[in-house]
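Excluded from the calculations below are hydrogen atoms, water molecules and symmetry mates; all remaining heavy atoms, backbone and side chain alike, are included. Quick note: residue numbers are just sequence positions, from 1.
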Amino acid sequence: MKRLFLSALALSFAFLTQAQITKGTTFIGGGLSFGDSKSTGGDTTNSYTNPHSSSFNISPSISWAVKDNLVFGVFLGYGHSKTDYAATNTPVNKQDNYSAGVFLRKYKPVGSGFNLFLQGNLNFAYSKTSNEGVQQYEFTSTTWGPSLGLAPGIAYRLSHHWQAEAMLPGLVSVYYNHTSSSQENPGMQAYRPVTNNFGVSTSVSNLTQFTLGILYSI
């Protein structure tokens, strides 16, 4: 009986410590998402009715445990979205998004294979938006800027190599955006505004939304 108890205790201890992120561990992960939506039944003689939207995003990452339960990583991101309409006189809206950054994540083991974590990240993003397909109207816009963010999450150790994660929206984000636009219409002077934005945002009221991910550890 004593041997059985000690064996069970050792097995439980091994399972609990499996949640520990040990120094030297390398994680390879990423996310892939896509979507498609279409509306029907509207008056096709009017502009901006029956929109059809499609999008996809990819975001690979690699990270290293620089200390037990402390992970440093880098990530890249690319996304593309497109919206068009049933009316032939309506432009096609396209947007390409690029991002790159680094993050530092602190894990807190809570037992049974689970970890809570808090992640801080520094991100640089660039996006380009354009309207195409209508000769009498052309519009393009580019936006770039850095941001600092802080976000919580929870991780579960599926096995020795696989880990599932759920991250909530950023608790707080500090950002700077520079936007250059160009709008041209025949017979009118071109309009090329430039704006600079600095701000702080929070998603505390939107914690019901989260992102799922899978990591593979080496």
Within the structure provided, determine whether [X] and [Y] are in side-chain contact (heavy-atom separation under 4.5 Å).
X	Y	answer
Lys82	Val92	yes
Val110	Asn115	no
Phe124	Ser99	no
Leu171	Pro152	yes
Lys108	Phe117	no
Gln119	Met167	yes

Salt-bridge present (Glu165, Arg157; N to O < 4.0 Å): no

Ring geometry between Tyr216 and His161 (parallel below 30°, tilted from 30 to 60°, perpendicular above 60°): parallel

Tyr126 and Tyr98 aromatic ring geometry - parallel, tilted or perpendicular at 30°/60° bounds: tilted

Any donor-acceptor N or O pair under 3.5 Å, side chains [X], [Y]:
X	Y	result
Thr83	Ser53	yes
Tyr78	Asn57	no
Thr179	Thr143	yes

To the nearest 0.5 Å, what is the distance between [atom1] on [X] and [atom2] on [Y]?
X	Y	atom1	atom2	value
Asn121	Ser147	CG	OG	6.5 Å
His178	Asn196	NE2	CG	5.5 Å
Trp144	Ser127	CH2	OG	12.0 Å
His80	Ser54	NE2	OG	6.5 Å
Trp64	Ile218	CH2	CD1	10.5 Å
Asp96	Ser130	CG	OG	7.5 Å

Flag, side chain of Asn69 to backbone of Ile21, donor-acceptor distance under 3.5 Å: yes

Asn131 backbone acceptor or donor facing Asn93 side chain under 3.5 Å: no

Side chain to side chain contact (heavy atoms under 4.5 Å, CB included) assessment of Trp162 paired with Ile214: CA-CA 7 Å; Trp162 292 98; Ile214 294 289; 3.4 Å; yes

Derivation of the side chain to side chain contact (heavy atoms under 4.5 Å, CB included) call for Thr140 and Thr129: CA-CA 6 Å; Thr140 60; Thr129 303; over 6 Å; no

Counterpart residues, side chain to side chain contact (heavy atoms under 4.5 Å, CB included), relative to Asn197 (two or more places apart): Asn177, Thr195

Residue list, side chain to side chain contact (heavy atoms under 4.5 Å, CB included) with His52, at least two apart or on another chain: Asp36, Lys38, Asp84

Stepwise side chain to side chain contact (heavy atoms under 4.5 Å, CB included) test for Tyr175 and Ser201: CA-CA 8 Å; Tyr175 61 89; Ser201 64; 4.2 Å; yes

Does [X] belong to the same Ile/Leu/Val/Met/Phe/Trp/Tyr cluster as [Y], with side-chain heavy atoms less than 4.5 Å apart forming each link?
X	Y	value
Tyr176	Val194	no
Leu116	Phe114	yes
Leu104	Leu122	yes
Leu158	Ile28	yes

Which atom pair, heavy atoms only, marks the closest approach of [X] to [Y]?
X	Y	result
Gly30	Ser61	N-OG, 4.1 Å
Ser217	Thr25	CB-CG2, 3.7 Å
Asn123	Ala125	ND2-CB, 4.0 Å

Check against side chain to side chain contact (heavy atoms under 4.5 Å, CB included), Tyr107 and Val71: CA-CA 8 Å; Tyr107 287 90; Val71 171; 3.6 Å; yes

side-chain hydrogen bond (donor to acceptor under 3.5 Å, both in side chains) evaluation trace for Ser141 with Ser181: CA-CA 4 Å; Ser141 177; Ser181 303; 3.3 Å; yes

For Phe27, ring pair (Phe, Tyr, Trp, His ring centres under 6.0 Å) partners two or more places apart: none

